[in-house]
Participant: 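I have a structure I would like to understand better, so I am pasting it below and will then ask my questions one at a time.
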Amino acid sequence: MPKVKTHSGSKKRFQVTGTGKIKRKHAFKNHCLAKKIKSTKQKRQLTHSTLVHEANTATIRKLLVI
């Protein structure tokens, strides 16, 4: 049997915490940060990481081969 490989895009985007939950970063923090398209509050809140929703954890666990 061949080895099961980890999805390369997923291992760059997600991180597993010590308790087994999966962390992710927020979207929309790439560009358009200089002008007033996004508010300062919105840009500040997008910097913090958050946990993946329960509905998606099983799918991401398969990609990460956990």
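Just so you know, these numbers come straight off a predicted model, no measurement behind them.
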Participant: Rounded to the nearest 0.5 Å, how far apart are CD of Gln42 and OG1 of Thr40?
Facilitator: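 The distance works out to 10.0 Å.
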Participant: For Lys43 and Lys35, work out which heavy atoms get closest and say how close.
Facilitator: NZ-O, 4.0 Å
Participant: Check whether any side-chain heavy atom of Ile22 lies under 4.5 Å from a side-chain heavy atom of Gln15, and answer yes or no.
Facilitator: no
Participant: Could you measure the distance from the NZ atom of Lys5 to the CG atom of Leu63? Nearest 0.5 Å is fine.
Facilitator: 15.0 Å
Participant: Are Val52 and Val16 connected in the hydrophobic side-chain network, where two residues link if heavy atoms are under 4.5 Å apart?
Facilitator: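 Looking at the clustering, Val16 is in the same group as Val52.
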Participant: Rounded to the nearest 0.5 Å, how far apart are NZ of Lys62 and OG1 of Thr6?
Facilitator: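 The NZ atom of Lys62 sits 15.0 Å away from the OG1 atom of Thr6.
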Participant: Checking the side chain of His7 only, and the main-chain atoms of Ser10 only, is there a donor and an acceptor separated by less than 3.5 Å?
Facilitator: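 The answer is yes, because a donor-acceptor pair under 3.5 Å joins these two groups.
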Participant: What is the distance from atom OG of Ser49 to atom NZ of Lys25, rounded to the nearest 0.5 Å?
Facilitator: 8.5 Å
Participant: With Thr47, which residues qualify under side-chain contact (heavy atoms from CB on, under 4.5 Å), at least two apart?
Facilitator: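 Residues passing side-chain contact (heavy atoms from CB on, under 4.5 Å) with Thr47: Lys29.
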Participant: Linking Ile, Leu, Val, Met, Phe, Trp and Tyr by side-chain heavy atoms under 4.5 Å, what else ends up with Val65?
Facilitator: Val4
Participant: Closest heavy-atom contact between Gln45 and His26?
Facilitator: O-CD2, 3.9 Å
Participant: Any non-hydrogen side-chain atom of Arg24 less than 4.5 Å from a side-chain atom of Leu51?
Facilitator: no
Participant: Quick check against the 3.5 Å criterion: does Lys38 have a side-chain atom that pairs as donor or acceptor with the backbone of Phe28?
Facilitator: yes
Participant: Supply the atom-to-atom distance Leu64 CG to Arg13 CZ, rounded to the nearest 0.5 angstrom.
Facilitator: 11.5 Å
